[in-house]
Amino acid sequence: MFIWKKLGKVFTPQEVPGRDWLREFAQAPATLVFDDYVRVYFSCRPGPDANGQYVSYSAWVDLDRRDLTRVLRVAEQPILPLGGLGEFDEFGTYPVSVVRDGDLVRAYYAGWTRCESVPFNVAIGMATSSDGGATFSKAGRGPVLSYTRHEPFVLSGPKIRRFDGGWQLFYIAGRKWKLVDGRAEPVYKIRMATSGDGLHWLPANRDLIESRVEPDEAQASPDVIHANGKYHMFFCYRYSSNYRGKEFGYRIGYASSLDLVTWTRDDAKAGLDVSASGWDDEMVSYPHVFELDGRTYMAYLGNGVGRFGFGLAVLDGELE
């Protein structure tokens, strides 16, 4: 089992003044490392509208590279505007994942639209930054990976990676909607697509990780890192109903692979679980693992799926 030392919650959106669009939530952290700081991208929300509906924006916070618990600055504006009327990202850009591409930074993000019979649908868009990842311009008004006959709804949670010169996009795809106490709840599984240019994608069209707690287990945030000759995936999973509390809430799972195709799940090895008390004593979710100055860190969400911020943990030892 991996052993993680928790460093505590390092960013709380409610403590950021003067940004009405960043009132709560710091969801799905993803990092970009600079010489003196680590930029952590996250998704946030303003307060609800008159009908109780939310939108979601993406932003960043810079942490001191020498002390990752120290906040240096927070984005003054969202990194992307919401889409126009009827566009796939009209109501949200969440989550976002970034990667360097020469002098540019590419961001892959989930765009949200509202529906009538179910609460939402999601597809994956791409944007590019030429100012070091501070602001981004969309590749177009539509997604780069959208629903198909094989993946009919809810393509979300993109995690962009570049292994062996190629482009790999890990994401989730909806498998079904379930009515639970009159509420439509999505079931989604982890999938992958590959590309030669980061724009045109070839989906594998199959689930990567077997279900464990129940057949309708929902899986999210497939974060993959290569270390010691093996691919390591940290992800989160939950039951399909009653998952907003402690008993059936999100937990962090783990799987490994030698070829990015066949994955062996071993959640007992993940090593990071809920705390006995505090900000993450009900659930842990949306892991993001990154290497910095010879150490391996995990950014993750606690109670309320990041409503009150994200935290960090550092690995004791190596991924092997």
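All of these numbers come straight from a predicted model, not from anything done at the bench.
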More than 12 foreign heavy atoms under 6.0 Å from [atom1] of [X]: is that the case here?
| X | atom1 | answer |
| --- | --- | --- |
| D49 | CG | yes |
| D164 | CG | no |
| R206 | CZ | yes |
| D36 | CG | no |

I want to check a possible cation-pi pair here: [X] against [Y], using under 6.0 Å from ring centre and within 45° of the ring axis as the test.
| X | Y | result |
| --- | --- | --- |
| R191 | Y171 | no |
| R100 | F34 | yes |
| R114 | F91 | yes |
| R265 | Y237 | yes |
| R73 | Y37 | yes |

Exercise for review: Please lay out, stage by stage, how L145 and L169 fare under the test side-chain contact (heavy atoms from CB on, under 4.5 Å).
Suggested key: CA-CA 10 Å; L145 191 64; L169 186 66; 3.9 Å; yes
Any donor-acceptor N/O pair, [X] side chain to [Y] backbone, under 3.5 Å:
| X | Y | result |
| --- | --- | --- |
| K9 | L312 | no |
| D316 | W4 | no |
| N303 | E282 | yes |
| Q168 | F163 | yes |
| Q14 | R307 | yes |
| E185 | K178 | no |
| T148 | E151 | yes |
| R19 | P13 | no |
| D259 | T262 | yes |
| D207 | E210 | no |

Exercise for review: Indicate the ring-plane relationship of F2 and F234, choosing parallel, tilted or perpendicular according to the 30° and 60° boundaries.
Suggested key: tilted
Practice item. Describe, in one word, how the ring planes of Y94 and W112 are oriented to each other, choosing from parallel (under 30°), tilted (30 to 60°) and perpendicular (over 60°). Key: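 Y94 and W112: parallel rings.
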Point to revise | Evaluation steps, side-chain contact (heavy atoms from CB on, under 4.5 Å), between V305 and Y286 | key: CA-CA 8 Å; V305 199; Y286 285 78; 3.9 Å; yes
Compute whether any side-chain donor of one residue and acceptor of the other, for [X] and [Y], lie under 3.5 angstrom apart.
| X | Y | answer |
| --- | --- | --- |
| D89 | Y109 | yes |
| K6 | S275 | yes |
| T135 | D131 | yes |
| Y300 | D280 | yes |
| E214 | S240 | yes |
| S43 | S58 | yes |
| S257 | K230 | no |
| R45 | Y54 | no |
| Y254 | H232 | yes |

Practice item. In sequence, state the C-alpha distance, the side-chain angles, and the governing distance for N121 and F88, and then conclude on side-chain contact (heavy atoms from CB on, under 4.5 Å). Key: CA-CA 8 Å; N121 207 352; F88 82 105; over 6 Å; no
Practice item. Decide yes or no on side chain to side chain donor-acceptor pair (under 3.5 Å) for K159 and S221, but give the supporting numbers first. Key: CA-CA 7 Å; K159 294 292 185 77; S221 191; 3.0 Å; yes
Exercise for review: With side-chain contact (heavy atoms from CB on, under 4.5 Å) as the test, would you mind laying out the steps for V10 and L68 before giving the verdict?
Suggested key: CA-CA 8 Å; V10 299; L68 292 177; 6.0 Å; no
Check your understanding: Does the side chain of F42 reach to within under 4.5 Å of the side chain of Q27, using non-hydrogen atoms?
Key ->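 The answer is no; the side chains never approach within 4.5 Å.
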Check your understanding: For the side-chain contact (heavy atoms from CB on, under 4.5 Å) test, which of T194, L199, V99 pairs with W167?
Key -> V99
Less than 4.0 angstrom from a charged side-chain N to a carboxylate O is my criterion; do [X] and [Y] meet it?
| X | Y | value |
| --- | --- | --- |
| D64 | R66 | yes |
| D267 | R251 | no |
| R162 | D101 | yes |
| R65 | D293 | yes |
| E217 | K189 | no |

Check your understanding: Under a single-linkage definition using a 4.5 Å side-chain heavy-atom cutoff for Ile, Leu, Val, Met, Phe, Trp and Tyr, are V213 and I209 assigned to the same hydrophobic cluster?
Key -> yes
Review point. Can you check whether F11 and F310 have ring centres sitting under 6.0 Å from each other?
Key: yes
Practice item. With sequence neighbours excluded, tell me which residues meet salt bridge (Lys or Arg N to Asp or Glu O under 4.0 Å) with K269. Key: none
